[in-house]
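The block underneath contains the structure these notes are about, expressed in C-alpha cells.
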There are 4 protein chains.
Amino acid sequence: MAQLSPQPKADKRIRIINAAVDVIAEKGYHYARISDIAKRAAVADGTIYLYFKNKEAILLSIFEEKMTDLIVLVRAEISNISGPKEQLMGFIHQHFLLVQENPALARVLQIELRQSSRFIHDYRPESLWAYLRIVVEIIEAGQKEGVFRRDIDPFIFQWSLFGALDELSVQWILSKKRERFPLEQVVHQVSSVFLSGLTITQE
Amino acid sequence: MAQLSPQPKADKRIRIINAAVDVIAEKGYHYARISDIAKRAAVADGTIYLYFKNKEAILLSIFEEKMTDLIVLVRAEISNISGPKEQLMGFIHQHFLLVQENPALARVLQIELRQSSRFIHDYRPESLWAYLRIVVEIIEAGQKEGVFRRDIDPFIFQWSLFGALDELSVQWILSKKRERFPLEQVVHQVSSVFLSGLTITQE
Amino acid sequence: MAQLSPQPKADKRIRIINAAVDVIAEKGYHYARISDIAKRAAVADGTIYLYFKNKEAILLSIFEEKMTDLIVLVRAEISNISGPKEQLMGFIHQHFLLVQENPALARVLQIELRQSSRFIHDYRPESLWAYLRIVVEIIEAGQKEGVFRRDIDPFIFQWSLFGALDELSVQWILSKKRERFPLEQVVHQVSSVFLSGLTITQE
Amino acid sequence: MAQLSPQPKADKRIRIINAAVDVIAEKGYHYARISDIAKRAAVADGTIYLYFKNKEAILLSIFEEKMTDLIVLVRAEISNISGPKEQLMGFIHQHFLLVQENPALARVLQIELRQSSRFIHDYRPESLWAYLRIVVEIIEAGQKEGVFRRDIDPFIFQWSLFGALDELSVQWILSKKRERFPLEQVVHQVSSVFLSGLTITQE
DNA sequence: CATGAATGAGGCTTCATTCAT
DNA sequence: AATGAATGAAGCCTCATTCAT
C-alpha cells in the first residue's frame, strides 16, 4: 500500500477540521452533513468518529483549535506595537485581516458556532474570552497609563468592540458587493469611533 | 362547560407566534419541534400549517411582525426626544429595555433567526434595515446640525452600534448572573463610548 | 337567502359526483384531495360527508351511478340494431363513442377506479358485469342463431373484448396525438378482428 | 453464530425488489408502506434509500428490471417456434404461463404500476413497448408471408391483444376460484379468437 | 487505524375526517 | 343542511452514528 493520500499522513485530523470549516461555512452547521465533510476530507464517514466524538465535537474543536492559533497570532502582532491606542488599532486591524483572509473560518466562528446548542447553553467559550482578554489588557494598560478613560468598564467595552467587529465582519462576509465595503475603511472608521470614545479628551 | 381557554378568541395565529418565540428561545430553532410549538400554543400540529407554510415561515413571520412592532415603538419613543445625542442615547436605552422585557423574543431575533438558511442566504431582512434606519437618520441629522463628526460613515456606524448592542444583549441574555451585569450601566457605557466617538470634540 | 347556487338545488350530490370525476381524472384518485373536489363542486369540504361516507365511497358511487347510466344508454342503442354481428359492432362503437365524449369519466372508470383497494379486493363490480352481460347476451344469441362459433366461451370472450376496448381506450386517452389514433378506425379494426374471430367461417 | 440469513449475499437490492413485489401485490402501491417492504426484505427502512431514490423509483425499477427479464424469456421461447401463427400462440401461452407462475409480479406489472402518477403522466414505458414489439414483429412477418391479413393495423392489434391478455390475467388473479378458470383454456380461446380474426380466410 | 454499508430514530408535513356553529 | 377551521394520525425520508470487515 503505497502513499496515496495527497498530504503526508497523520494530518487526517487536520484535514477533517479544515474540511469541516469549508463545508460548514458553505452550508451552515445544521445543513452540513458528516458525509460531506468526510468526502471533502477524503476520508470515510466512519473515520471522522475516530477523531471526534460526534458532530458537535467537530464544531467545538474548530473553535478551540482555531481560536488558539488566532490568539497566538494576534498576540504576536500586538507585541510588536507600542502604545495602547496603537495596539487597539492593531487589534482591530488584525481582526479584519483575519476575516478577510479566512472568510470560511470567520463565518464558522462567528455565525455557525452559535448553532450548536451546547455552545450556547453549556459551553464556556474560554478561547473567546482569551481572545478578548487581549482587548481588556490593552485597555487596562491604557487606563493605567492615563491614556484611556477610567470610567470605561473594560468588560462592557470588550463586548461592544467584539460585537461591532463581529457584526461588521458578518455583514462583510454576507455582502454581495464587498468592494463597496472595503475593510481598510472599516478598520479606520471603527478605530476612530472606539478610540475617540475611549480616549481621554484633552480639554 | 366553563371558560377554559385563557384567551377566548385570542387569535390562534398570535398564540402560535408567541409559542414559537418561547420554544425557539428555549431550545433553539433547529431543536424546536413543531409539536412543541403546537403544544405550547394549545393547538394541533396541523393547525400550525393553516397559518404558516412551513417551519421556516414561522421564524420569518416572527421577525417581520415583531420587528414592525419594535420599529413603531422605538420611533414613538425617539420622537419624544430632541437633540441627536439624546435621541441616540434614547435608541440605545430603548434597545436594551426591549431586550430586558422580552428576553425570549430578543434571543430569537438576535440568535435563532440566523439559523434559518433562507434568512442568511436569500432573505433580505428589510425590517432590520428599517430598524437601523432609525440610527442612520439620527446620525445624519446630527451631522447636518454639526453635532456629529462628518467623517463618520453612517453605514459602518450603524452596524458597529448594532453589533455592540446585539452582542451585549446576547451576553446579557446568556449571562447566568445578570445582576453583575445591570443593563442600566450597559446603556450608560455604550452611550458614552459611541457618543464620545461620534461627537465633535470642542478643542 | 335567495337562490345562490348556479344549479337549481338538490343537485349537490350530482355536483359533487361530477366534480369528483373531473378532479380524479386530472390528478388521479390518490392525489385528488377532498378539498379539491369540494372546491370544484362549490361546496364546503364537510358537505361532502353529508352525501358520502368517505373518499372511497365517492369513487364507488361514481362507478355505480355512471355505469347504470351507461348500461341504459348502450342497451337502448343496441335494441335499435338487429343481428348479433351488427349488435356487437354497435356495442364496440358505443363504447368508444362514450370514451370519446366523456374522457374524464372514462379515465376514472378505467384507470382510477382500480386505485381503490376496496374495489380490487372486496368489491363486486356488479355494474361492470351488468355492462358485460350485454356482450354475453349478444354472443349467446348469435350462437343460438348459428352465426357465432359455439366453441367460444362467452365468459372468456367478454373479458377479452372488454380488455381490448379498455386498453385501447386507455391508450387513446393517454395518447398525446389522438389524431394519429382515430377512434373510428379503432372501432373498425377491433370489430373486424373480434367478429372474424367469432363468426363461423363458411368453408 | 450460525448462518442466519437465507441468502448470504443475495444482494440486498434484489431482496428489496422482491419484497416490494410481494408487498405491493398484496396491499397495492399506495397502501404498501416502505416499512413493510423493509421488514419483508429484512433490512432497515433507511437501507432502501441506499438502493432507490424514493418509493416511486422502486415501482419503476420493478417494471424496468422485470420486463427486461420477461422480454428475454419470451423472445427465447418464441425463437424456438416457427410460423407466425404458432409464434403468436406461443406468445399468448407464455404470457399466461408467466402470470400463472408469478402472480404477484403480474399483479404489480398490470395493476399497481398504474398507480404511479409518474408512470401514467411522464414515464414512457419503453419496456412495455419492447414487449409488445414482439407481437408486432410476429404480425408483420405473418403479413409479409401472406398468412395474416394485411388490413390489420399491427399497432391497434398489439393493444387489443395486450388488453385482452391483461384483463384476463387480472380476472384470473382476482378470481377466488381459479379452478373454474383454467389458464390453458383461456390460452386456447384467446388464441382461437385472435388467430381467426387475424388469419386470412381461405374462401 | 480505516472503511462505508447499514441502521433506525425521529420530524415535518399532508389531508381525510370531524364537529361546533 | 351547510360550513370550514381544526384535528391528529401516519408516512416518507434524512442523516448521525455504529460496527463487521
Side-chain angles (χ1 to χ4, degrees), chain A residues 1 4-5 9-10 12-13 16 30-39 41-58, chain B residues 1 9 11-13 16 30-39 41-58, chain C residues 1 4-5 9-10 12-13 16 30-39 41-58, chain D residues 1 9 11-13 16 30-39 41-58:
Chain A
M1 303 304 170
L4 286 178
S5 47
K9 177 73 197 302
K12 222 161 246 186
R13 185 191 165 87
I16 293 169
H30 279 285
Y31 299 97
R33 281 169 300 165
I34 289 290
S35 59
D36 293 332
I37 296 172
K39 195 175 293 171
V43 299
D45 293 19
T47 303
I48 288 183
Y49 290 85
L50 299 174
Y51 293 92
F52 301 94
K53 186 169 164 288
N54 54 32
K55 190 179 174 184
E56 196 161 48
I58 303 175
Chain B
M1 306 304 169
K9 266 298 176 195
D11 243 37
K12 284 208 168 89
R13 184 190 164 85
I16 294 169
H30 278 287
Y31 299 97
R33 304 286 148 239
I34 289 290
S35 57
D36 295 333
I37 296 172
K39 198 172 293 169
V43 298
D45 292 20
T47 303
I48 289 181
Y49 290 86
L50 297 177
Y51 295 93
F52 302 94
K53 189 170 159 287
N54 54 33
K55 190 180 172 184
E56 196 162 47
I58 303 176
Chain C
M1 302 307 168
L4 285 178
S5 48
K9 177 77 196 300
K12 223 162 247 187
R13 184 190 163 86
I16 293 169
H30 278 285
Y31 299 98
R33 282 169 300 163
I34 290 289
S35 59
D36 293 332
I37 296 172
K39 194 174 294 172
V43 299
D45 292 20
T47 304
I48 289 182
Y49 290 86
L50 299 175
Y51 293 92
F52 301 94
K53 186 169 163 288
N54 54 32
K55 190 179 174 184
E56 196 161 47
I58 303 175
Chain D
M1 306 304 171
K9 265 301 176 194
D11 242 37
K12 285 210 168 90
R13 184 189 164 85
I16 294 168
H30 278 286
Y31 299 97
R33 305 284 148 240
I34 289 290
S35 56
D36 295 333
I37 297 172
K39 198 171 293 168
V43 298
D45 292 21
T47 303
I48 289 181
Y49 291 87
L50 297 177
Y51 295 93
F52 302 94
K53 189 170 160 287
N54 54 33
K55 190 180 172 184
E56 196 161 48
I58 302 176

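Small disclaimer: the values here were computed from a predicted structure and weren't measured.
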Report summary line: Ile58(C) CD1 to dA16(E) P, in whole Å, measures 9 Å
**Report entry** Watson-Crick or G-U wobble mate for dA10(F), both contacts under 3.5 Å
**Finding:** dT13(E)
Query raised in the report: Hey, is the side chain of Lys12(B) poking within less than 4.0 Å of OP1 or OP2 on dA6(F), counting only N and O atoms?
Result: yes
Report summary line: The answer to which of Lys53(C) and Ile48(D) contacts DNA chain E further toward the 5' end, by nearest nucleotide, is Ile48(D)
Query raised in the report: Should the ring pair His30(B) and His30(A) be called parallel, tilted or perpendicular, given that the plane angle runs from 0 to 90° and is split at 30 and 60?
Result: parallel
Report summary line: Taken to the nearest whole Å, OH/Tyr31(D) to P/dA10(F) is 14 Å
Requested in this report: Assign each of Val43(C) and Ala32(D) to its nearest nucleotide of DNA chain F by heavy atoms, then name whichever residue's nucleotide is nearer the 5' end.
Outcome: Val43(C)
Report task. Could you tell me the separation between the CD1 atom of Ile16(B) and the C1' atom of dC12(E), rounded to a whole number of Å? Result -> 15 Å
Query raised in the report: Under a 3.5 Å cut-off for both distances, is dT18(E) Watson-Crick or wobble paired, and to whom?
Result: dA5(F)
Query raised in the report: Could you give the NZ-to-P distance, from Lys39(B) to dG8(F), as a whole number of Å?
Result: 12 Å
Requested in this report: Identify, between Asn54(C) and Arg33(B), the residue whose nearest nucleotide on DNA chain E lies closer to the 5' end.
Outcome: Arg33(B)
Report task. To the nearest Å, give me how far apart CD (Glu56(C)) and P (dT17(E)) are. Result -> 9 Å
Report task. Check every atom of dT3(E), dC12(F), dC15(E) against the side chain of Leu50(A) and return the nucleotide holding the closest atom. Result -> dT3(E)
Query raised in the report: What nucleic acid atoms does Tyr51(B) come within less than 4.0 Å of, heavy atoms only: base, sugar-phosphate, or nothing?
Result: sugar-phosphate
Query raised in the report: To the nearest Å, how far apart are Ile37(B) CD1 and dG11(E) P?
Result: 12 Å
Query raised in the report: Checking salt bridge (charged side-chain N to carboxylate O under 4.0 Å, His left out) for the pair Arg33(B)/Asp36(B): CA distance, chi angles, key distance, verdict?
Result: CA-CA 5 Å; Arg33(B) 304 286 148 239; Asp36(B) 295 333; 5.3 Å; no
Report summary line: One should read off an interatomic distance between Ile58(B) CD1 and Lys53(B) NZ, to the nearest 0.5 angstrom, of 12.0 Å
Report summary line: With the side chain defined as heavy atoms from C-beta on, Lys55(C) is closest, among dT7(E), dA16(E), dT14(F), to dA16(E)
Requested in this report: Round to the nearest Å and state the distance from His30(C) atom NE2 to dC12(F) atom P.
Outcome: 12 Å
Query - Nearest-nucleotide 5' precedence on DNA chain F, Asp45(C) against Ile34(D) - result: Asp45(C)
Query - d(CZ, Phe52(B); P, dA6(F)) in whole Å - result: 12 Å
**Report entry** Rounded distance (nearest 0.5 Å) linking atom NZ of Lys12(B) with atom CG of Leu50(B)
**Finding:** 9.0 Å
Query - Interatomic distance, Ile34(A) atom CD1 to Thr47(A) atom OG1 [nearest 0.5 angstrom] - result: 11.5 Å
